[in-house]
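Below is one structure, written out as structure tokens, with a few remarks after it.
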Amino acid sequence: MSSDQRRPFPFDEFEPKWQDQWEGAQAFRTPNPGDADFDASKPKYYVLDMFPYPSGQGLHVGHPEGYTATDIIGRFKKMSGFNVLHPMGWDAFGLPAEQYAIKTGQHPRKTTEKNIEGFRGQLKRLGFAYDWSREVNTTDPGYFKWTQWIFLKLYNSYVDEVTGKARPVSELEAKGMSREEIDARRLAYVSEAPVNWCPELGTVLANEEVVDGKSEVGGFPVERRPMRQWMLRITAYAQRLIDELDGLDWPESIRLLQRNWIGRSEGAHVTFKIAEFEREVMVFTTRPDTLFGATYMVLAPEHSLVSEITTAEQRGAVEVYQRTVMSKSDLERTELAKEKSGVFTGAYAINPVNGERIPIWIADYVLMGYGTGAIMAVPGHDERDFEFAELFKLPIKQVVQPPEGVKWQGFTDDGVAVNSGFLDGLTTAEAKVKMAAWLEEKGLGRGTVNYKLRDWLFSRQRYWGEPFPIVWEDGSHRAVADSELPVVPPEMEDFKPTGTPEPPLSKATDWVRYSETARRELNTMPQWAGSCWYYLRYCDAANTERFVSEEAERYWMGGGKPGGVDLYVGGTEHAVLHLLYARFWHKVLFDLGFVSTPEPFQRLVNQGLIMGEDGQKMSKSRGNVVNPDDVVAEYGADSLRLYEMFMGPLEQVKPWSMKGVEGVHRFLARVWRVVMEQDQAGEWVVSSQLQDVAPEKKLTKVLHETIKKCGEDIEKLSFNTAISQMMILTNALTQSEVRPASVVGIFLRVLSPFAPHVAEELNALLRGVFPEKAAAGFVADSVWPVFDPAALVEDEVEIVFQVNGKLRDKAVVPVGAAKEEVEKIALASARVQEFMEGKPVKKIIVVPGKLVNVVV
RNA sequence: GCCGAUGUGGCGAAAUGGUAAACGCAGCAGACUUAAAAUCUGCCGGAGAGCAAUCUCCUUGCCGGUUCGAGUCCGGCCAUCGGCACCA
């Protein structure tokens with residue numbers, strides 16, 4: 001069946017053949033600085049794919065979309081004289097791997113190895129020009145040794161307030177700071193705060209992993225509960241993570257996503273005294289100008305002051321409310337809670353601007369994790385406060401005058417201050433400044449900046465992850481020595497979650513016992529840890545002495561731009577997860593002098609999702625999933641690659657079409673038949689139409705247009721239009737009686753980044769008959785052709801004649817004809833005369849080589 | 001609610017402010033064939049006029065503006081998709 005005569009060209013024979021030859025010749029091995037065959041005179045180009053999580057399902061058609069795009073770029077850059085780094089690896093730790101292992105009753109190492117083998121085989125079958133000698137696997141002890149090492153860099157660093165840069169904590173020790181003070185400043189620290197606990201998954205999750213109150217993986221409910229967890233102080237980098245986006249070539253949408261996630265807002269801290277108590281409470285507000293309108297205060301139910309200030313009469317109600325809130329999941333507390341709720345504490349605060357006593361309430365619409373967990377409520381000019389005040393009949397006061405005809409109740413935009421003492425008459429912007437100054441002067445508050453971004457919850461109660469290189473003794477933690485890395489997880493028969501917050505590693509009692517008095521940390525790192533730095537490891541994947549050698553890092557990640565990787569292609573789903581985490585780690589390593597750029601990824605491109613043939617998202621339940629293996633078996637790897645690039649713009653969401661695959665497959669068959677024909681016996685032989693002749697001018701022009709357009713379009717990642725142009729050239733060749741071998745030879749080089757197998761095969765066959773006209777070795781090693789601008793110039797051009805902007809006539813004139821000359825021809829045109837209707841000419845616009853527009 | 005992206009033939013799409021629909025899919029017709037498939041060639045947005053070649057008008061989600069000229073630039077609206085969402 002596979003050698004069926006009907007197959008329009010024998011891709012199933014030559015595709016695996018060339019894959020073997022590339023591998024045998026190590027055609028895509030990239031030498032590193034210091035290697036004997038390294039050519040330092042060439043510029044570098046680092047093109048990176050988001051490495052896959054090797055699931056049991058195998059590749060889906062979304063993977064080859066981005067991978068083909070980077071492969072085309074990488075092959076093109078190689079042919080254009082660059083040292084190209086284009087590696088691949090496996091993001092293999094994490095929840096899904098462990099769940100799959102539990103489900104199939106195998107050890108995750110076994111299933112992971114099997115899945116990786118499957119993925120690697122599938123990728124090789126697509127002919128990607130990866131340097132497989134640099135393959136990385138996040139679950140390999142040789143790899144995660146360095147993940148743990150970087151964690152210890154975080155653990156042993158703090159952010160200097162003056163410079164905003166990470167420094168070793170040894171500097172704090174030198175200053176004589178206490179152990180507690182130092183622990184409170186580490187970039188990796190232990191916290192007891194309430195965290196996202198997912199009972200179903202048996203682990204805690206980061207904020208970024210919780211969507212609508214449910215776990216991103218599996219969609220299980222998530223609750224808040226206080227637990228002792230490792231946190232990474234990403235908030236210390238909030239401002240730099242916003243500011244340093246500016247130097248990057250990233251899609252504006254992704255930069256906005258990150259900015260919004262970090263959520264900077266400017267405002268002020270204001271201190272309120274609590275009546276009858278020697279206590280104060282600080283609130284954060286973005287509207288200090290409305291302080292005169294604060295008629296009550298709300299604390300988060302978890303706020304530490306609540307129990308202290310609640311009066312005896314209110315205590316019962318307050319405690320009931322606190323318990324209800326505690327038991328609610330995030331989903332219930334946000335998504336489902338349309339109605340405001342809350343309880344009066346019985347206590348009062350003093351508004352510092354006017355001395356008014358305002359009641360203190362607790363309500364779950366105030367979140368403990370943002371600002372200070374306490375707000376001044378200005379119901380006149382805040383929607384939420386307004387709704388709450390209406391419900392509980394609290395006073396609502398106007399302090400901002402809206403524009404004419406707009407109701408002031410609930411008006412939240414900028415206006416003019418009223419009923420606000422010394423602020424009256426000022427615009428909102430002016431009033432904010434004046435109030436902040438007033439507060440500062442009186443020692444009651446000051447202007448401040450707040451971020452929505454929270455610190456990164458970094459520990460998981462799972463088996464299949466990097467163990468922390470930390471031990472505990474006498475209630476305090478310390479790092480293990482670098483020489484003890486990697487800390488390898490223990491061999492365990494039973495690695496299932498315990499169903500409680502107790503991590504599964506607790507069951508490995510021998511492993512846990514570090515010494516007579518010390519115990520190992522039982523948590524593991526989240527999946528994101530390994531992907532935070534894998535792009536660095538590729539630069540020097542086999543190094544056992546260092547996470548990456550200085551020389552290799554400088555060469556591949558350097559280059560004078562803020563970001564080191566020249567092009568990074570992947571899905572948009574990592575916008576606030578991996579892409580934020582990796583930037584954070586990279587900045588820490590940069591501050592500490594371990595990497596040479598402040599940002600990891602210079603140019604980022606998100607490929608669009610591929611939908612099913614029905615226009616719906618591909619899913620097993622819908623039955624619209626396309627398996628790339630089936631496509632490769634029926635049409636070949638080149639057809640799959642080419643189709644995915646021809647579907648439409650890379651970044652766009654687009655539906656699959658099997659008919660479309662057949663279309664590009666037919667195109668490749670046409671290319672094949674440009675070079676080959678069948679003899680009497682039905683064997684493929686080089687076509688007799690191929691001849692060693694000089695091409696006609698017209699064909700030469702199409703060829704050079706193709707070289708030019710394909711080169712430019714590859715740089716722009718506009719692969720669909722590049723392929724269109726190759727189709728135009730192929731159609732021209734098909735229609736020529738005589739096909740110049742030189743044209744075909746050059747065309748195969750242009751085609752090769754897109755459809756490398758058929759290009760290699762045809763080049764080898766061409767070489768057999770016209771050795772001078774074909775690339776000598778692999779086409780993949782040949783040089784990208786240079787187009788001749790002279791070949792693009794025509795003797796004559798068609799000029800369009802318009803009357804009042806409407807097309808009326810055309811004429812062919814010599815290139816470079818004088819303006820006056822062309823004008824004369826246009827006016828002489830009978831059709832132009834007809835549409836001028838004898839009216840006088842007001843103006844004539846001549847665009848050289850394009851058109852004449854007569855305005856009457 | 002806020003933010004972002006996208007709206008062009010039957011479909012995927014293409015068009016530095018200058019001939020809208022390149023290229024492909026589907027469809028139609030012809031050639032080859034006993035026949036079919038494959039292949040090759042031609043046609044292929046809508047309305048109208050003409051026997052015909054051909055010609056006229058309309059057409060890039062909707063309304064308006066700038067311009068000699070707008071799918072493209074500006075303003076307003078509508079729809080679809082994606083993200084965020086009690087963040088004070």
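What you see is a predicted model; the values in this text were computed from it and never measured. In what follows, chains carry the letters A, B, and so on, assigned in the order in which the sequence lines appear, proteins first and then strands, with residues in each chain numbered from 1.
For B:G69, the base is anti relative to its sugar; the glycosidic angle deviates from 0 by more than 90°.
Legend: residues meeting ring-ring contact (aromatic ring centres under 6.0 Å, His included) with A:Tyr643, ordered by chain and number and at least two apart, are A:Trp656. Looking at residues two or more places apart in sequence or on another chain, you find a ring-ring contact (aromatic ring centres under 6.0 Å, His included) between A:Phe292 and A:Phe422. Residues forming a ring-ring contact (aromatic ring centres under 6.0 Å, His included) with A:Phe392 (at least two apart in sequence, or on another chain): A:Trp361, A:Phe388. Shown here are the salt bridge (charged side-chain N to carboxylate O under 4.0 Å, His left out) partners of A:Glu834, two or more places apart in sequence or in another chain: there are none. A:Phe284 meets the ring-ring contact (aromatic ring centres under 6.0 Å, His included) test with A:His269; sequence neighbours excluded. Partners of A:Glu705 according to the salt bridge (charged side-chain N to carboxylate O under 4.0 Å, His left out) rule, which considers only residues two or more places apart in sequence or in another chain, are A:Lys701.
For the pair A:Glu644 CD and B:A13 C1', the interatomic distance rounds to 17 Å; values are reported in whole Å. The separation between A:Arg255 atom CZ and B:C3 atom P is 18 Å, rounded to whole Å. Here the P atom of nucleotide B:A13 and the CG atom of A:Asp713 are 17 Å apart, to the nearest Å. The interatomic distance linking A:Asp809 (CG) with B:G18 (P) rounds to 21 Å, in whole Å.
The side-chain tip of A:Lys340 points at the ring of A:Tyr365 from less than 6.0 angstrom away and within 45° of straight on. At least one cation-pi condition fails for A:Arg808 and A:Phe801: the charged atom is not both under 6.0 angstrom from the six-membered ring centre and inside a 45 degree cone around its axis.
Among the heavy atoms of the strands, none lies under 4.0 Å from A:Glu383. Across all strands shown, A:Pro649 has heavy atoms under 4.0 Å from sugar-phosphate atoms exclusively, and none from any base.
Minimum atom distance to the side chain of A:Gln802 is reached by B:U19, of the listed B:A88, B:U19, B:G4.
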Scan nucleotides 55-59 of chain B against the protein and return all N/O pairs shorter than 3.5 Å with their distances rounded to 0.1 Å.
{"unit_1": "B:U56", "atom_1": "OP1", "unit_2": "A:Arg831", "atom_2": "NH1", "d": "3.3"}
{"unit_1": "B:U56", "atom_1": "OP1", "unit_2": "A:Arg831", "atom_2": "NH2", "d": "2.3"}
{"unit_1": "B:C57", "atom_1": "OP1", "unit_2": "A:Arg808", "atom_2": "NH1", "d": "3.4"}
{"unit_1": "B:C57", "atom_1": "OP1", "unit_2": "A:Arg808", "atom_2": "NH2", "d": "3.3"}
{"unit_1": "B:C57", "atom_1": "OP2", "unit_2": "A:Arg808", "atom_2": "NH1", "d": "3.3"}

Between the protein and nucleotides 75-82 of chain B, list every N/O to N/O distance that falls short of 3.5 Å.
none

Detail all sub-3.5 Å separations between protein N/O atoms and N/O atoms belonging to nucleotides 21-29 of chain B.
{"unit_1": "B:A22", "atom_1": "N1", "unit_2": "A:Ser724", "atom_2": "OG", "d": "3.4"}
{"unit_1": "B:G24", "atom_1": "OP1", "unit_2": "A:Asn731", "atom_2": "ND2", "d": "3.1"}
{"unit_1": "B:C25", "atom_1": "OP1", "unit_2": "A:Arg666", "atom_2": "NE", "d": "3.1"}
{"unit_1": "B:C25", "atom_1": "OP1", "unit_2": "A:Arg666", "atom_2": "NH2", "d": "2.9"}
{"unit_1": "B:A26", "atom_1": "OP2", "unit_2": "A:Arg666", "atom_2": "NH2", "d": "3.2"}

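Heavy-atom distances under 4.0 Å link RNA chain B to A:Lys843, A:Ile845, A:Val847 of residues 840-847 of chain A, given in residue order.
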Distance-only donor-acceptor pairs under 3.5 Å for side chains of residues 663-675 of chain A, two or more places apart:
{"unit_1": "A:His665", "atom_1": "ND1", "unit_2": "A:Tyr635", "atom_2": "O", "d": "3.2"}
{"unit_1": "A:His665", "atom_1": "ND1", "unit_2": "A:Ser639", "atom_2": "OG", "d": "2.8"}
{"unit_1": "A:Arg670", "atom_1": "NE", "unit_2": "A:Asn731", "atom_2": "OD1", "d": "3.2"}
{"unit_1": "A:Arg670", "atom_1": "NH2", "unit_2": "A:Asn731", "atom_2": "OD1", "d": "2.5"}

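At least one side-chain heavy atom of A:Glu651 sits under 4.5 Å from a side-chain heavy atom of A:Val605.
A residue-by-residue look at A:Thr372 and A:Asn804 shows that A:Asn804 has its nearest nucleotide of RNA chain B further toward the 5' end.
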* Could you write out RNA chain B as a dot-bracket string, with dots for unpaired bases, | for bases paired across to another strand, and Watson-Crick or G-U pairs counted at under 3.5 Å? -> (((((((..(((.....[....))).(((((.......))))).(((((....)))))..(((((..]....))))))))))))....
